[in-house]
Amino acid sequence: MRTSMAALVAVALGAAAPASAQTWSERVHVSVNAAFQATTNDFSDRFEFEKDLETGSTDADYRVKGGVLFDAGGGVRLWKSIGAGVAVSRFTRDDSATTETRSPHPFFLDQFRTVSGEAAGLARTETAVHVQAMYFLNPSGPLRIVLSGGPTFVKVEQDLITEVRLTEAYPYDTAEYASVQTTTIKKSKPAFNVGADVMWMLTRSVGVGGIVRFSRASIDLDAPGSRRVSVDAGGVYAGGGLRLLF
Amino acid sequence: MSRSPEDPGRESLVPRRAQQRLRDAAVAAAGVAAVAMWLVPAAAQQRVAHGRTLIAAQSTSELRDAAGMVDSMRRSGELRLRTSREDVLVRGRTHERFDQFYRGVRVFGGDVVQQVNRGQIVTLYGNVYDNIDIDATPVVDEDRARQAVETIAGVEIGRQPELVILPRDDGSYVLAWRVRAVTFTDAREYFVDARGGGIVFDYSDLKTQSAVGRGSGVLGDEKKISTSPTGGQFVTTDRLRPPSINTYDMKGDFTRTIRYLNRQIQLAASDLAVDSDNTWTDSAAVDAHVYAGWTYDYYFKRHGRRGLDNNNIGIISLVHPVRRQDLQQNFATVPDFYLNAFYYGDGIMLYGEGLPTGFTFAGQTFDYWSGSIDIVAHELTHGVTDYSSRLIYQNESGALNEAFSDIMGAAVEFFFQPAGSGNLRADYLLGEDTIKPGGTRSLADPLSYGDPDHYSRRFTGTVDNGGVHTNSSIANHAFYLAIEGGTNRTSGLGVQGVGGANREQIERVFYRAFTQMLPANATFSLARAATIQAARDLYASNNNVERAITQAWTAVGVN
């Protein structure tokens with residue numbers, strides 16, 4: 001993560017190098033982007049349950065692949081090339097988890113059935129509010145650059161498996177995966193962000209641009225059964241969209 | 001282990017040495033023959049967890065406090081009267097039941113019930129939830145909720161879903177549609193998130209549920225026991241296996257036991273062995289019930305057989321037909337009820353009580369007969385024979401009848417216990433776990449128990465129905481030799497067995513021959529021919545099995 005951030009800062013500083021240029025004449029800019037979050041945030045969970053006098057367990061490996069993300073924000077130039085802004089990003093994806101459950105046998109002690117399954121449709125939503133200090137650059141003509149960084153407030157909503165339902169029938173020596181019961185856990189945590197927005201103005205007020213932003217948080221979700229599930233949220237995302245300057 | 005003309009429906013496992021002394025007396029004897037919702041004793045109101053408060057008010061001060069809270073909730077609309085019923089047992093009293101509501105939506109599981117005597121509250125019990133702070137407006141409509149459950153349950157639901165507040169274990173609340181789905185095997189309550197659409201909770205509401213309890217066997221071993229909850233207690237009814245398996249506690253009433261065995265009375269649910277918390281300490285009942293299930297399992301898994309009649313006939317076990325403390329007054333009348341186990345036909349088993357500590361019979365101590373898995377399997381196998389070959393219980397066919405029970409008894413023991421010697425270890429002794437020392441018979445070395453290991457030594461008298469318990473050892477020993485190999489002590493002939501790792505081959509051969517091929521009046525010679533043919537049928541490509549069977553019968557002098 002630190003390597004990624006350092007690289008991003010280096011890119012941003014590189015872009016800033018030819019800043020012999022003019023400062024912006026506009027005060028306000030707005031950006032609306034469709035982006036792709038490249039980072040996968042797979043995680044694991046394990047929980048135990050009581051069944052037929054014994055303790056069974058389920059290990060779940062959740063996949064959270066990258067995907068489409070929407071980002072919108074704006075900023076105000078406050079003094080010379082320095083300004084402040086805020087952006088909101090939202091990432092939503094339904095993904096899956098593989099489960100392996102050890103379920104006690106109803107007739108015999110210490111005789112567990114191991115059942116594997118895959119649960120689909122587990123939703124992950126990441127909503128982030130990025131508060132940013134901004135540095136405005138206008139290297140030449142219609143090219144505009146905004147470098148930004150600051151705190152991020154990330155809210156993660158994750159569907160967690162709370163029970164794996166099995167289908168079993170006499171003589172119960174095996175069992176089949178049937179379905180899962182889930183619950184949605186939400187938690188927020190502060191993090192940070194750093195990014196760059198490169199614009200090409202088509203008219204005085206309207207342009208297009210590309211954005212790259214990095215924000216990252218590790219969050220402990222408070223799952224049922226007083227257990228904590230550590231998940232990572234965010235990562236690098238890049239995309240493009242509309243730019244408006246005023 | 002004899003079926004005599006005088007006693008046509010009973011097959012027993014009496015030790016051979018004791019049998020003669022018991023026989024007459026035994027035959028004569030047989031011929032005569034609310035759940036309280038919450039219990040919080042220390043305080044009127046107790047916050048137990050996550051916003052849930054239990055109310056159990058009985059004393060004057062407790063009632064005053066609780067009534068104040070309830071009255072406040074009634075006035076605010078959080079408690080609404082559901083029912084008010086006159087007490088039919090105590091005149092003047094009324095029972096009022098209130099449901100808890102939150103913003104007009106019923107809180108699932110939140111209710112209060114008060115007993116009123118002419119305006120005065122006598123008792124007040126309940127369970128209310130507080131700190132509920134959720135939006136009570138559904139986003140998902142009831143049709144969508146019903147469809148979600150229909151998809152999962154695979155049935156069409158006509159019943160109207162109910163919008164409820166569902167308290168969760170973690171103290172949170174969910175606005176949910178409660179949908180009941182009845183299938184062929186279950187009646188299940190589903191709770192569909194009324195704002196998200198997912199199933200947030202469900203449970204089986206089928207009232208005749210099974211339960212898995214923990215029991216301590218005759219030898220003190222811990223095991224699971226399949227029981228059923230009823231009336232706040234648990235009874236020995238196994239609902240997890242296909243047949244009905246019930247174990248009855250005869251509570252030492254041998255007269256009633258005999259009347260039942262003679263079909264003069266029926267047993268009721270109240271006769272089932274019972275335990276208050278499903279942690280069972282009646283070891284005789286535990287082992288009778290558990291081992292009946294395990295024997296069913298063996299036949300199903302090893303041979304694909306569904307119970308005694310292959311059609312899941314019910315299995316009934318009777319324990320405690322007498323009391324040990326009544327030994328001296330009862331022994332002369334019903335010695336078998338202390339010193340034997342029986343199959344009485346129609347799936348009914350009876351297990352003797354054994355002897356009190358310090359008592360011996362013929363130099364052996366006797367614990368509860370159900371404590372030996374091979375004895376239980378032996379008796380149940382008499383039922384298998386009754387519903388298959390019907391081997392006539394005298395002379396050679398009777399000896400084969402007994403032998404098949406011994407053989408399957410040993411097979412079941414090896415199926416569930418590790419091989420070895422001592423308690424709860426599989427060996428070729430019969431009943432050794434509860435009849436000490438040594439059990440009643442040996443399949444490995446019949447001569448050491450005074451039983452013949454060779455056809456030339458067979459008993460030819462009339463006692464014991466022509467020696468059915470004695471001569472069974474000839475076939476028993478053939479079974480043993482076919483598995484383990486060795487040399488017959490009488491003939492000196494050696495057998496190359498299939499080995500313990502392949503014991504299921506010999507078990508299947510004997511099962512096939514004895515249940516599907518033998519006629520009722522079979523002889524040892526016919527048993528030899530049938531088992532050899534069964535070996536060819538089952539293991540045509542494996543000469544080892546046929547060779548082992550053939551050599552074994554030859555070694556014991558059966559040609």
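We name chains A, B, ... by the order of the sequence lines, and we start the count at 1 in each one. Note that this is a predicted model, so its numbers are computed, not measured.
Atom CG of B/D221 sits about 10.0 Å away from atom CG of A/L109, to the nearest 0.5 Å.
Residue B/R195 qualifies as enclosed at atom CZ: its count of foreign heavy atoms under 6.0 Å is above 12. Annotation for A/K189: atom NZ counts as buried by contact number, over 12 foreign heavy atoms lying within 6.0 Å. Shown here is A/F108, whose CZ atom has more than 12 heavy atoms of other residues, nucleotides or ligands within 6.0 Å. A/R227 CZ: more than 12 foreign heavy atoms inside a 6.0 Å radius. Within a 6.0 Å sphere centred on CD of B/E156, heavy atoms belonging to other residues, nucleotides or ligands number 12 at most. With a 6.0 Å radius and a threshold of 12 heavy atoms from other residues, nucleotides or ligands, B/E222 has its CD atom above the threshold.
With chain A as the partner, the residue from B/N278, B/V174, B/V200, B/V290 showing the most heavy-atom pairs under 4.5 Å is B/V200. The candidate from B/G293, B/S226, B/G198, B/P242 with the greatest count of non-hydrogen atom pairs under 4.5 Å with chain A is B/P242. Annotation: maximal heavy-atom pairing with chain A below 4.5 Å, among B/R214, B/R241, B/K301, B/K223, occurs at B/R241.
Here B/F416 and A/F107 keep their ring centres 6.0 angstrom or further from each other.
With contacts defined as side-chain heavy-atom distances shorter than 4.5 Å, the pair B/K224/A/P104 qualifies.
Nearest approach of B/G213 to A/L53, heavy atoms of both residues: O-CD1, 3.1 Å. Across A/Y172 and B/L240, no two heavy atoms sit closer than the pair OH-O, 2.7 Å.
Using cut-offs of 30° and 60° for the angle between ring planes, the B/F300 and A/Y170 rings count as perpendicular.
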Requested in this report: Take B/I199 and A/R165 through the side chain to side chain contact (heavy atoms under 4.5 Å, CB included) test and state the conclusion after the steps.
Outcome: CA-CA 12 Å; B/I199 306 282; A/R165 295 201 186 101; 4.1 Å; yes
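Heavy-atom distances place no part of A/D159 under 4.5 Å from chain B, backbone and side chain included. Only the backbone of A/T182 comes within contact range of chain B, with at least one heavy atom under 4.5 Å from a heavy atom of that chain.
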